[in-house]
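Small disclaimer: the values here were computed from a predicted structure and weren't measured.
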Amino acid sequence: QVQLVESGGGLVQAGGSLRLSCAVSGRPISAAVMGWFRQAPGQEREFVGGITRSGGNTAYADSVKDRFTISRDNAKDMVFLQMNSLEPEDTAVYYCARSLRYGSDRVYNRPGDYNYWGQGTQVTVSS
């Protein structure tokens, strides 16, 4: 059984930084594209960013580009989301996800392309 557990969320002031971690168990992540999504109250879950299986390529939503960085450690089955210059609009529950796609090694940005999800970690940015 594949399990994903996020950690590192919390309350931070605008302009601050947080680093989220995602620990994966049950199946090595080396074979999977990994992604981060977020969901604010009353809004749909949205793509934040993703990283290819090799870690050689990443992709981000325009709203977080140049502020957020995704990385992975396949040896430890962990994925990370470094968030800098946080804004109140970044307040949401953040989810780590493992893609079900085993085709080309590219980032997928739709929730339907992911079949395993963590429970989420709350990030709150105060103004």
Side-chain angles (χ1 to χ4, degrees):
Q1 182 178 359
V2 178
Q3 290 188 318
L4 292 79
V5 179
E6 302 95 337
S7 61
L11 174 64
V12 64
Q13 289 189 331
S17 299
L18 283 174
R19 187 187 193 220
L20 305 185
S21 299
C22 174
V24 184
S25 61
R27 191 175 296 178
I29 68 167
S30 57
V33 172
M34 301 296 296
W36 285 94
F37 290 76
R38 67 186 182 186
Q39 188 166 19
Q43 298 187 19
E44 293 185 352
R45 191 167 296 189
E46 66 173 357
F47 174 75
V48 173
I51 186 166
T52 54
R53 289 188 283 272
S54 65
N57 285 292
T58 54
Y60 301 92
D62 288 343
S63 59
V64 307
K65 201 173 295 184
D66 299 327
R67 298 189 297 123
F68 291 10
T69 303
I70 294 175
S71 59
R72 63 191 294 161
D73 185 336
N74 285 348
K76 296 182 178 179
D77 288 321
M78 295 196 69
V79 185
F80 306 96
L81 179 65
Q82 177 67 43
M83 305 186 295
N84 299 328
S85 302
L86 283 161
E87 304 168 352
E89 293 74 22
D90 295 317
T91 294
V93 177
Y94 283 71
Y95 298 91
C96 174
R98 177 189 172 112
S99 178
L100 56 81
R101 302 294 182 192
Y102 289 98
S104 58
D105 191 17
R106 66 175 183 87
V107 175
Y108 302 93
N109 61 4
R110 301 176 305 173
D113 290 319
Y114 295 79
N115 60 338
Y116 291 108
W117 295 82
Q119 82 290 348
T121 185
Q122 177 70 47
V123 171
T124 303
V125 184
S126 63
S127 57

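Of the possible polar contacts, one joining the Arg72 side chain to the Thr52 backbone as a donor-acceptor pair under 3.5 Å is found. Between the side chain of Asp105 and the main chain of Arg53, a donor-acceptor pair closer than 3.5 Å is present. Between the side chain of Gln119 and the backbone N or O of Val5 there is no donor-acceptor pair closer than 3.5 Å. A donor-acceptor pair under 3.5 Å is absent between the side-chain atoms of Gln82 and the main chain of Arg19, judged by distance alone.
If you run side-chain contact (heavy atoms from CB on, under 4.5 Å) between Tyr114 and each of Asn109, Val33, Leu100, only Val33 comes through. None of Tyr95, Trp117, Tyr94, Tyr108 except one satisfies the ring pair (Phe, Tyr, Trp, His ring centres under 6.0 Å) rule with Phe37; the exception is Trp117.
Between Phe47 atom CZ and Tyr60 atom OH the span is 9.0 Å, to the nearest 0.5 Å. Taken to the nearest 0.5 Å, the SG atom of Cys22 stands 10.5 Å off from the CZ atom of Arg98.
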*asked:* Walk me through whether Leu81 and Val79 qualify under side-chain contact (heavy atoms from CB on, under 4.5 Å).
replied: CA-CA 7 Å; Leu81 179 65; Val79 185; over 6 Å; no

*Between Arg27 and Asp77, does a side-chain contact (heavy atoms from CB on, under 4.5 Å) hold up when you go through it step by step?*
CA-CA 9 Å; Arg27 191 175 296 178; Asp77 288 321; over 6 Å; no

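In terms of heavy-atom proximity, Val107 sits nearest to Ile51 at CG2-N, 3.8 Å.
Looking at heavy atoms from C-beta onward, Met83 lies out of side-chain contact with Val12 at the 4.5 angstrom threshold. The side-chain heavy atoms of Asp90 and Arg38, taken from C-beta on, include a pair separated by under 4.5 Å.
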